[in-house]
Amino acid sequence: MAGTFETVGVVGLGTMGAGIAEVFARAGLAVTGVEADPAALERGRGHLEGSTGRALARGRLTEAERAEIIGRVTFTTSLEDLGDADLVIEAIPEVMDYKRALFTDLDRVCKPSAVLATNTSSLSVTAIAATTTRPGRVIGMHFFNPAPVMKLVEVVRTVTTDEGLADEVAGLARRLGKTPVTVGDRAGFVVNRLLLPYLNHAAALLENGLAGRDDIDAAMKLGVGLPMGPFALLDLIGLDTSYEICEVLFRETRDRRHAPAPVLRELVTAGLLGRKSGQGFHCPEEPQSPSPHEKPSAASIAVLGEDPGGFAAQLSGAGFKIVDVEDAELVVALSSTPVVEQAVRLPHPDRLVGLHLVGDQIAEVASTALTSPETARVAAGLLRILGRTPVPCKDRAEFVVDALLYPYLNDAVRMYESGYASVEDIDTAMKLGCGYPAGPFETLDRLGLATVRDGLRALYAEYREPSFAPAPLLDQLVTAGVRSIRDLSS
Ligand code: 3HC
């Protein structure tokens with residue numbers, strides 16, 4: 001059945017639309033790309049030429065293959081040219097009124113058998129379908145940025161979608177070299193429903209001064225193995241798009257976790273939209289933040305708390321003297337929050353930092369209200385000597401990495417618990433849609449359900465944010481001694 005799609009239309013040739021056009025053209029389909037005016041059409045052509053030019057430069061395409069791909073795309077400013085298309089996908093801005101108006105026009109122009117697909121990030125596919133006389137032939141086909149690279153396509157069926165159409169479109173996605181995950185019509189589907197709250201949370205933590213932009217980005221990249229930090233990814237997605245998705249999620253859920261962080265609104269209003277406008281959280285021209293490599297002056301260090309990783313031994317090995325707390329120039333408390341509770345019991349509370357070693361590459365360095373700037377600087381310097389990137393942060397529950405990671409894992413458990421998607425589909429979607437090294441349920445198994453549950457309790461106690469309370473299912477699994485949600489679903 002998937003073979004019936006031979007000619008496709010793509011309406012909207014911004015970053016996503018042009019990427020989607022490229023994906024279809026690479027798979028051998030004839031593509032008609034439509035934009036509103038000649039200037040936008042030229043920009044769309046430029047995206048396609050740029051992306052395939054990059055592949056050519058890297059030796060991934062020959063000049064002839066590139067010419068063939070570009071040759072399969074016809075550019076036009078007229079929707080009327082879509083009359084013969086077997087499938088038309090729209091990738092215009094995330095504004096419901098625009099989408100509904102477009103689908104009304106497509107319904108008029110396209111042949112009755114044509115499938116009308118939307119690449120919406122979060123808007124209701126059902127509401128879009130309802131503007132047409134063929135709601136059974138309307139479906140969501142959600143690609144991920146950069147479309148030529150990311151392997152996932154979310155196929156979104158509604159209650160009115162024709163029986164079998166989701167399978168046909170999933171077959172088409174496979175023909176494009178993608179992996180489809182088919183789900184029902186809920187705001188944000190799988191990926192954006194889990195991704196955007198995490199990105200929004202990072203923006204809120206930045207705004208609260210928990211840690212700096214580059215430090216949070218480094219923490220999630222190096223500490224969790226994500227391909228990009230949250231601010232680099234927000235800039236890639238576009239802050240306007242990210243803001244809109246959060247708004248849609250919030251309208252559906254009224255969950256404060258989905259309410260866009262004020263900094264997003266401010267940047268969007270200022271026209272700082274991320275890569276598409278040249279500046280967002282990051283600006284391409286700005287210098288990388290300097291990483292001072294000064295040798296720490298503290299020679300004597302005390303280590304408090306459990307030290308299963310042998311951190312004290314590593315310090316000795318690097319030439320530092322391990323001493324009693326009274327004599328130490330620097331005191332590090334390993335993995336225990338709140339650090340300030342320990343600080344107030346020390347003779348020199350200004351000399352204490354909390355330290356959380358995350359993986360092999362980073363360590364969070366938490367300063368309390370009493371920690372001196374010199375102590376924090378010395379601690380960061382000694383971590384560099386030990387080969388770790390320091391992530392300076394405030395003394396707040398779960399510091400940076402776990403504060404961002406655990407609520408995301410909790411959201412995934414809630415999604416599974418709601419019956420919206422299976423464990424396997426959620427894991428697949430996050431890995432292939434966002435390039436994560438592991439899905440949320442794989443990550444939960446690795447960290448241990450009890451560790452995550454306890455971390456969520458600590459976060460809830462600190463921030464009093466209702467969505468940080470452990471999902472009932474997570475709580476029950478820990479109580480029952482079940483080690484993996486997979487044991488339930490298999
Ligand atoms: N267009 C085409 N190809 C691109 C590209 C682009 N914009 N950016 C990167 N690539 C290709 C490169 O050519 C390269 O291919 P090659 O190995 O065949 O030469 C490959 O991708 C890797 O690129 P780079 O080496 O330049 O860079 P990285 O290794 O850092 O990868 C990345 C870049 C693929 C963007 C990676 O950082 C990543 O996976 N990031 C996460 C992206 C993500 O989460 N996307 C989903 C966002 S949510 C979304 O889109 C939903 C929407 O509704 C909001």
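Every value quoted in this text rests on a predicted model; they were computed, and no experiment measured them. Indexing begins at 1, ligand by ligand and atom by atom, following the structure's order.
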Participant: Would N192 count as being in polar contact with ligand 1, using the rule that some N or O on each side must be under 3.5 angstrom apart?
Facilitator: yes

Participant: Measuring centre to centre across the rings, with the benzene-like ring taken for any Trp, is F281 within less than 6.0 Å of F231?
Facilitator: yes

Participant: Looking at atom 2 (C) of ligand 1, tell me if a protein heavy atom falls under 4.0 Å from it.
Facilitator: yes

Participant: Return a yes/no value: protein heavy atom under 4.0 Å from atom 20 (C) of ligand 1?
Facilitator: no

Participant: With a heavy-atom distance limit of 4.0 Å, tell me whether L233 approaches ligand 1 through its side chain, its backbone, both, or neither.
Facilitator: side chain

Participant: Give me the nearest non-hydrogen protein atom to atom 17 (O) of ligand 1 as residue plus atom name, then the distance to 0.1 Å.
Facilitator: R60 NH2, 3.5 Å

Participant: Can you find a heavy atom in the side chain of M430 that is under 4.5 Å from one in the side chain of Y408?
Facilitator: yes

Participant: My question is simple, although I want it checked carefully: is atom 43 (C) of ligand 1 less than 4.0 angstrom from any protein heavy atom?
Facilitator: yes

Participant: Judged on heavy-atom distance to atom 5 (C) of ligand 1, which of E244, M150, R54 sits nearest?
Facilitator: R54

Participant: Decide yes or no for R256 and E465: does some side-chain heavy atom of the first lie under 4.5 Å from some side-chain heavy atom of the second?
Facilitator: yes

Participant: Considering only heavy atoms from C-beta outward, does the side chain of V181 approach that of V155 to under 4.5 Å?
Facilitator: no

Participant: Considering only the protein, which heavy-atom contact is closest to atom 46 (C) of ligand 1, and what is its distance?
Facilitator: G433 O, 3.1 Å

Participant: For atom 32 (C) of ligand 1, is there a protein heavy atom at a distance under 4.0 Å?
Facilitator: no

Participant: Could you check whether atom 29 (O) of ligand 1 has a protein contact, counting only heavy atoms that fall below 4.0 angstrom?
Facilitator: no

Participant: Under the 3.5 angstrom rule, does the side chain of D86 hit a backbone N or O of E6 as a donor-acceptor pair?
Facilitator: yes

Participant: Checking T161 side chain against R157 main chain: does a donor-acceptor pair fall under 3.5 Å?
Facilitator: no

Participant: Suppose we measure from atom 14 (C) of ligand 1 to each protein heavy atom; which comes out shortest, and what is that distance?
Facilitator: R58 NH1, 3.5 Å

Participant: Looking at atom 54 (C) of ligand 1, what's its closest protein heavy atom, distance included?
Facilitator: I237 CG2, 3.5 Å

Participant: In terms of residue, atom name and distance, what is the protein heavy atom nearest to atom 4 (C) of ligand 1?
Facilitator: V149 CG2, 3.3 Å

Participant: Tell me which protein heavy atom sits closest to atom 37 (O) of ligand 1, plus the residue, atom name and distance to 0.1 Å.
Facilitator: M228 CG, 3.6 Å

Participant: Classify the angle between the aromatic ring planes of H356 and F399 as parallel (below 30°), tilted (30 to 60°) or perpendicular (above 60°).
Facilitator: tilted

Participant: Can you tell me if K276 uses its side chain to pair, donor with acceptor, with the backbone of L239 under 3.5 Å?
Facilitator: no

Participant: Answer yes or no for A55: is there a heavy-atom contact with ligand 1 below 4.0 Å?
Facilitator: no

Participant: Using a 3.5 Å distance criterion without hydrogens, assess whether the side chain of D185 forms a donor-acceptor pair with backbone atoms of V125.
Facilitator: yes

Participant: Is atom 39 (O) of ligand 1 touching the protein, meaning some protein heavy atom lies under 4.0 Å away?
Facilitator: yes

Participant: Establish, from distance only, whether the side-chain atoms of D107 and T133 form a donor-acceptor pair under 3.5 Å.
Facilitator: yes

Participant: Against ligand 1, does E22 come closer than 4.0 Å with any heavy atom?
Facilitator: no

Participant: With atoms numbered from 1 as shown, which atoms in ligand 1 lie under 4.0 angstrom from a non-hydrogen atom of S51?
Facilitator: 1 (N), 2 (C)

Participant: Run the numbers for me: atoms of ligand 1, each under 4.0 Å from some heavy atom of L195, listed by number.
Facilitator: 48 (S)

Participant: With a 3.5 Å distance limit and no angle check, can you tell me whether T269 reaches the backbone of R265 through a side-chain donor-acceptor pair?
Facilitator: yes

Participant: Mind checking whether F468 and H201 have parallel, tilted or perpendicular rings, split at 30° and 60°?
Facilitator: tilted

Participant: Out of all atoms in ligand 1, which are within 4.0 Å of some heavy atom of H142? Include the element for each.
Facilitator: 51 (C), 52 (C), 53 (O)

Participant: Is the side chain of R137 donor-acceptor paired with the backbone N or O of D162 at a distance under 3.5 Å, no angle test?
Facilitator: no

Participant: How far is atom 7 (N) of ligand 1 from the closest protein heavy atom, and which atom is that?
Facilitator: P146 CB, 3.5 Å

Participant: Quick one: nearest non-hydrogen protein atom to atom 45 (N) of ligand 1, plus distance?
Facilitator: N145 O, 2.7 Å

